[in-house]
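Worksheet for the structure shown next.
Letters A, B, ... mirror the listed sequences (proteins, then strands); counts begin at 1.
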Protein chains: 2
Amino acid sequence: MVRRKDPAVRSLLIERAAQMLRSREPITLRSLVAGTDVSTMAVYTYFGSMDGLWKAVRQEGFTRLAARLANVTMTADPVRDLAALSVAYLSNAAANPDLYRVMFDAGFDLEDSEAADETLHLLVRTVERAKSAGRFHPEVDALELATQGWVIGHGLASLVLTGPLPREALAHGPPVLTALFISAGDEPARCRESMGRGWNPECLVGSSNG
Amino acid sequence: MVRRKDPAVRSLLIERAAQMLRSREPITLRSLVAGTDVSTMAVYTYFGSMDGLWKAVRQEGFTRLAARLANVTMTADPVRDLAALSVAYLSNAAANPDLYRVMFDAGFDLEDSEAADETLHLLVRTVERAKSAGRFHPEVDALELATQGWVIGHGLASLVLTGPLPREALAHGPPVLTALFISAGDEPARCRESMGRGWNPECLVGSSNG
DNA sequence: GCTAAAACATAGCACCGTTATGTATTGTTG
DNA sequence: CAACAATACATAACGGTGCTATGTTTTAGC
């Protein structure tokens, strides 16, 4: 064959797009490549279209989310771990609000779905650990419960990031998740205890990136 | 003064925008006025800018939501009513998916947030009725619980409408809301009973408009 | 070293939201 | 009723957008 694409250029453009997203600059084809030594055509050789660029940015968002969740240190208390995963999810959204919005705006295709599935699977495994530990009822469907936790986390993140709820509303997380976990069979006092140890509010203040 | 604006033209443009949104046509200034007898300038005399048009469309979305919620017939069972309001909220989102997306995308500044506030307040009043009826603990903060219900409803609507979850995932509503209401003090069996009577899944099938 | 294919650079396309400018319309007022 | 003034409308243009067409350069394989 012939001249190969340089993966570094691809990463550079994605990183630059994520950075412009963070600094709230409008991302246009020309503004994206301005200041770099790549030309507008590079976007088309690497991403096919501007839509392809956005898809790649979405993918990067899921990758960062997965990395942040993978950094959560698991313990012997799976319910605490679920709380810790939830706060990691929300802190990722709070740290990269525009990236999070892009991840979940229209045009969510199969490729994104795979990235999201891996993230969800981490939740599922933790729910199953909670079942094995006798914290949740055996008849609890792990995927269903994990999905319901995701619904709560996303609803919270979405309403806070798009404006309707203030940032302090993230404090709604613990009571709602606690209600969900208790309904799954956890003993109330113990659940609240685990939630208190896993939910570190420090992670949700400020807005540095990750 | 002189020549006055015609309110009918304003409604016509909003209605047309909502219809184009529904039929997934891209809404541009020129495509919006094409076929009508109004010119492109009309958009600027009536809305100031294309952003103003979108703001008006958002407002229309909240007005429709408020109308749909107001149509829910209240009963002596406030928990059933909360379930009915939730399903009305979700059916509105399912019937006008693109309108719902516009309502909650970036730039949540409505010219009058009355419609949004009124919607939440209807939930708050119903929660307070549940407290008065002895279904919820007296120390429950009605606004907080209503907000938490909203978080669940929006999370569900958002994840379903933007693609990550299939439409059947709306069935997650009852168990999660039941968990929330039980945590607020409702007796489990009675709560599930009320939820079963208020949650009419018929409203969530199909995709006709409202 | 030649050839062919991939990547790059430039210029241009149709379209976008917006604005400038001129014209028609209409309520107020002398 | 006529003159005015202010609003609404129509048209054309402007800068910017994503994208493409068209060369030109670079590089891998024979």
So does [Y] get a backbone contact from the side chain of [X], meaning a donor-acceptor N/O pair under 3.5 Å?
| X | Y | result |
| --- | --- | --- |
| B:T36 | B:L32 | no |
| B:S158 | B:G155 | no |
| A:R58 | A:F108 | no |

- Take atom NZ in A:K131; do more than 12 heavy atoms of anything else shown fall under 6.0 Å from it? yes
- Item | Atom CD of B:E25: over 12 foreign heavy atoms under 6.0 Å | yes
- Are any non-hydrogen side-chain atoms of A:R16 and A:I27 less than 4.5 angstrom apart? no
- Task: Enumerate the residues from residues 9-17 of chain A whose closest heavy atom to DNA chain C is under 4.0 Å, giving them by residue number; use none for an empty result.
- Result: none
- Query: Nearest-Å distance, CG (A:L32) to C1' (D:dC19)?
  - Reply: 15 Å
- For A:Y46 and C:dA6, what is the distance between atoms OH and C1' respectively, to the nearest whole Å? 11 Å
- Message: With side chain to side chain donor-acceptor pair (under 3.5 Å) as the criterion, how do B:D77 and B:S194 come out once you've worked through the C-alpha distance, each side chain's angles and the decisive distance to 0.1 Å?
- Response: CA-CA 7 Å; B:D77 182 348; B:S194 294; 2.6 Å; yes
- Query: Using a cut-off of 4.0 Å between protein heavy atoms and nucleotide atoms, how would you tag nucleotides 9-19 of chain C 5' to 3' with B, S and -?
  - Reply: BB-B---BBBB
- Message: Nearest 0.5 Å, please: how far is OG1 in B:T162 from CZ in B:F104?
- Response: 13.0 Å
